[in-house]
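The structure is given below, and queries will be raised subsequently.
Values reported hereafter were calculated over all heavy atoms of this structure, with side chains retained and with hydrogens, waters and symmetry mates removed.
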Amino acid sequence: MAGGLLTDLYELNMAASYLRRGMTGQAVFSLFARRLPPGRGFLIAAGLEECLALLESFSFTGADLAYLRRTQDYDETTLEQFRRLRFTGDVWAVPEGTAVFATEPLLEVTAPIAEAQLVETALLNHITFQTTIATKAARCVLAAGGAQLVDFSFRRTQGIEAGLAVARASAIAGFTATSNVEAARRYGLTAAGTMAHSFIEAFGDEEAAFAAFAEDFPGKTTFLVDTYDTEQGVRTAIEVVRRLGLPGPVGIRLDSGDLFALAGLARGLLDEAGLHQARIFASGSLDEYAIAGLVERGAPIDAYGVGTKMGVSADAPYLDSAYKLVAYDGRPVMKLSAGKATLPGAKQAYRGPAGDVLALRDEPPPDGCEPLLRPVMRHGERVTAPEPLAAAQRRCTDNLDRLPPTARALKSPVPPAVRTSPALAALAQELTGKLRRHAAPGPGGNPDSFNAASAD
């Protein structure tokens, strides 16, 4: 996908103005979360792979330019500049699966300003959405206490592409499978599924439906037992397993009702029948809070299907993310807008025993700290081949294990404080003073001119 029009109109207008004036200096834009959503003690970085793929192919097609010629007022010189434009910049980013906190860059772009400006919208879209979902999924993993989780969200995500992204982001967070077959094919995931109530209803009775499914899929049979009466459904499943002598693993799925009580009932019936290895799979309006409640009460549930509430991050469906200019043509810049002030300069985030430190990229690292951002693209080309998804999964597991308990908490979490390095703080203070002096009204001046220009 060329991607030239995957942007907001004002990005095109700004890029056109830069190009018209010969403004080709290197710009540094930083993508970060201003603050964490309520109820979140951390974020899990995701979406970088799609960003890099977009940047590699970024261009304007002939059809794109024809549309702009027909609908906008760009002159032919500008359209020709758009036609030749490619992304030629550098990208530093936090690897997917890394736990991050507010103000820490997830990604920084250094490129000629028109290029860096045009890709803002798409980069924010990929990083913001997938990080939101990966964070929600990671909280489900923390709640599950080792039980397996399957992404059941595809039918409820807000768009087909969103469904694919959710499957990938939840896999990074530790989900073991997805119901989304195309996502499984595309990303090398495990596809998983049982049956629907419609399958049961289509047969003359529950036993006939169970027998038909078991005969067709003898090596992977999980019976949906709550279409009519859950207890009787479990007994019917046991009878079919005994009669057919199924060779593969078997299980039952609970999709409604009091999952704690029904799981206990089902486990007792299965064990009494000698089916100690039969698994109990639960689904139905689950999220980290419901899962944690079942785990805390000792529900004998082996796996959970998590759908809508994870796929849209129902309790925190958006992230207050930003993509802000922090340097242009060798000059650090910042905005002072109320509630939206930024810190100047290209940055690095460091993680160490005393917590995270946000610093300027070119200053020495604090003692005992490791950098979080890595160079992932130079001159418009990837530094390395795409990372296997398994690497992001391992990184996420490790990062979750290392989070303090207060950040991992599902209720009233407290994220770790991120300190600002002395050098970054000094630069911000110096630049703030200069900008405020510059904004001070002179004869006939407007005292609000700077803040008005800085506001989004």
Side-chain angles (χ1 to χ4, degrees), residues 1-32 45-69 72 74 77-96 105-131 161 165 321-331 333 345-348 361 373-387:
M1 180 179 293
L5 298 189
L6 290 176
T7 192
D8 295 305
L9 179 59
Y10 82 156
E11 311 282 18
L12 286 164
N13 289 340
M14 288 186 286
S17 188
Y18 296 144
L19 294 169
R20 193 173 295 136
R21 284 161 177 75
M23 294 177 64
T24 59
Q26 293 287 304
V28 181
F29 281 84
S30 186
L31 194 162
F32 59 95
L48 176 61
E49 176 58 32
E50 282 77 4
C51 290
L52 298 181
L54 171 87
L55 294 175
E56 282 184 313
S57 63
F58 187 84
S59 63
F60 290 85
T61 67
D64 294 340
L65 297 172
Y67 171 79
L68 294 177
R69 181 179 292 108
Q72 305 300 322
Y74 302 130
T77 299
T78 297
L79 291 173
E80 175 60 20
Q81 289 174 312
F82 282 167
R83 186 188 68 79
R84 297 198 307 266
L85 191 144
R86 301 291 186 273
F87 183 78
T88 62
D90 301 344
V91 179
W92 287 62
V94 171
E96 292 185 301
L106 287 95
L107 175 150
E108 288 201 335
V109 169
T110 303
I113 191 166
E115 299 174 22
Q117 193 80 67
L118 283 170
V119 299
E120 171 181 3
T121 304
L123 298 186
L124 275 170
N125 184 288
H126 285 308
I127 296 290
T128 302
F129 177 68
Q130 293 197 43
T131 297
E161 289 301 317
S321 58
Y323 179 90
K324 296 302 176 186
L325 182 68
V326 296
Y328 176 63
D329 204 19
R331 171 174 54 90
V333 304
K347 298 177 189 68
Q348 178 61 273
R361 191 185 300 168
L373 284 88
R374 303 175 184 175
V376 293
M377 181 170 275
R378 288 197 182 97
H379 308 304
E381 297 183 356
R382 294 176 192 255
V383 173
T384 61
E387 182 181 67

Apply side chain to side chain contact (heavy atoms under 4.5 Å, CB included) to the pair Leu19 and Tyr74, showing each step before the final yes or no. CA-CA 12 Å; Leu19 294 169; Tyr74 302 130; over 6 Å; no
Spatial distance of atom OG (Ser57) from atom CZ (Arg86) [nearest 0.5 Å]: 10.0 Å
Rounded to the nearest 0.5 Å, how far does CD of Glu50 lie from CD of Glu96? 6.5 Å
Exercise: identify the closest heavy-atom pair between Phe129 and Ala165: CE2-CB, 3.8 Å
Can any side-chain N or O of Asp64 pair as donor or acceptor with the backbone N or O of Thr61 at less than 3.5 Å? yes
Please check: side-chain N/O of Gln117 versus main-chain N/O of Ala15, any donor-acceptor pairing under 3.5 Å? no
Is the backbone N or O of Thr121 less than 3.5 Å from a side-chain atom of Tyr323, with the two atoms forming a donor-acceptor pair by type? no
Please tell me if the side chains of Ser321 and Ile127 come closer than 4.5 Å, counting only heavy atoms from C-beta onward. no
Validation row: Thr110, Trp92 side chains within 4.5 angstrom (heavy atoms): no
Work out which heavy atom in Val109 is nearest to a heavy atom in Leu107; give both atom names and the distance. CG2-CD2, 3.5 Å
What are the two closest heavy atoms between Leu12 and Gly4, and how far apart are they? CD2-O, 4.4 Å
Rounded distance [0.5 Å steps], CG in Leu55 versus CD in Glu381: 12.5 Å
Begin with the C-alpha distance, continue with both residues' side-chain angles, and end with the deciding distance and a verdict on salt bridge (Lys or Arg N to Asp or Glu O under 4.0 Å) for Arg382 and Glu49. CA-CA 10 Å; Arg382 294 176 192 255; Glu49 176 58 32; 2.9 Å; yes
Start with the C-alpha gap between Thr24 and Tyr18, add the side-chain angles, then the distance that decides, and say whether side chain to side chain contact (heavy atoms under 4.5 Å, CB included) holds. CA-CA 7 Å; Thr24 59; Tyr18 296 144; over 6 Å; no
In Å, rounded to the nearest 0.5 Å, how long is the span from CD of Gln130 to CG of Leu106? 12.0 Å
To the nearest 0.5 Å, atom CE of Met377 lies from atom OG1 of Thr384 at 10.0 Å
Verdict with supporting geometry, Leu123 and Phe29, side chain to side chain contact (heavy atoms under 4.5 Å, CB included): CA-CA 11 Å; Leu123 298 186; Phe29 281 84; over 6 Å; no
Euclidean distance, Arg83 CZ relative to Ser59 OG, rounded to 0.5 Å: 11.0 Å
Hey, is the main chain of Val119 close enough, under 3.5 Å, to the side chain of Glu11 for a donor-acceptor pair? no
Which heavy atom of Leu6 sits nearest to which heavy atom of Ala122, and what is that distance? O-CB, 3.8 Å
Does any part of the side chain of Leu68, heavy atoms only, come nearer than 4.5 Å to the side chain of Leu5, both counted from C-beta? yes
Which pair of non-hydrogen atoms, one from Pro105 and one from Leu373, has the smallest distance, and what is that distance? O-CD1, 3.7 Å
Nearest heavy atoms of Pro112 and Thr88, plus distance in Å: CD-OG1, 3.8 Å
Backbone N or O of His379 within a donor-acceptor pair of the Asp90 side chain at under 3.5 Å? yes
Check whether any side-chain heavy atom of Phe32 lies under 4.5 Å from a side-chain heavy atom of Val326, and answer yes or no. no
Is there a donor-acceptor pair under 3.5 Å between the side chain of Thr131 and the backbone N or O of Ala46? yes
Under 3.5 Å, side chain of Thr78 to main-chain N/O of Ala16, donor-acceptor pair present? no
Quick one: does any side-chain atom of Glu108 pair with a main-chain N or O of Ala346 as donor and acceptor, under 3.5 Å? no
Is the CD atom of Gln72 crowded by more than 12 outside heavy atoms at less than 6.0 Å? yes
Phe87 vs Leu118, side chain to side chain contact (heavy atoms under 4.5 Å, CB included): CA-CA, chis, key distance, verdict: CA-CA 9 Å; Phe87 183 78; Leu118 283 170; over 6 Å; no
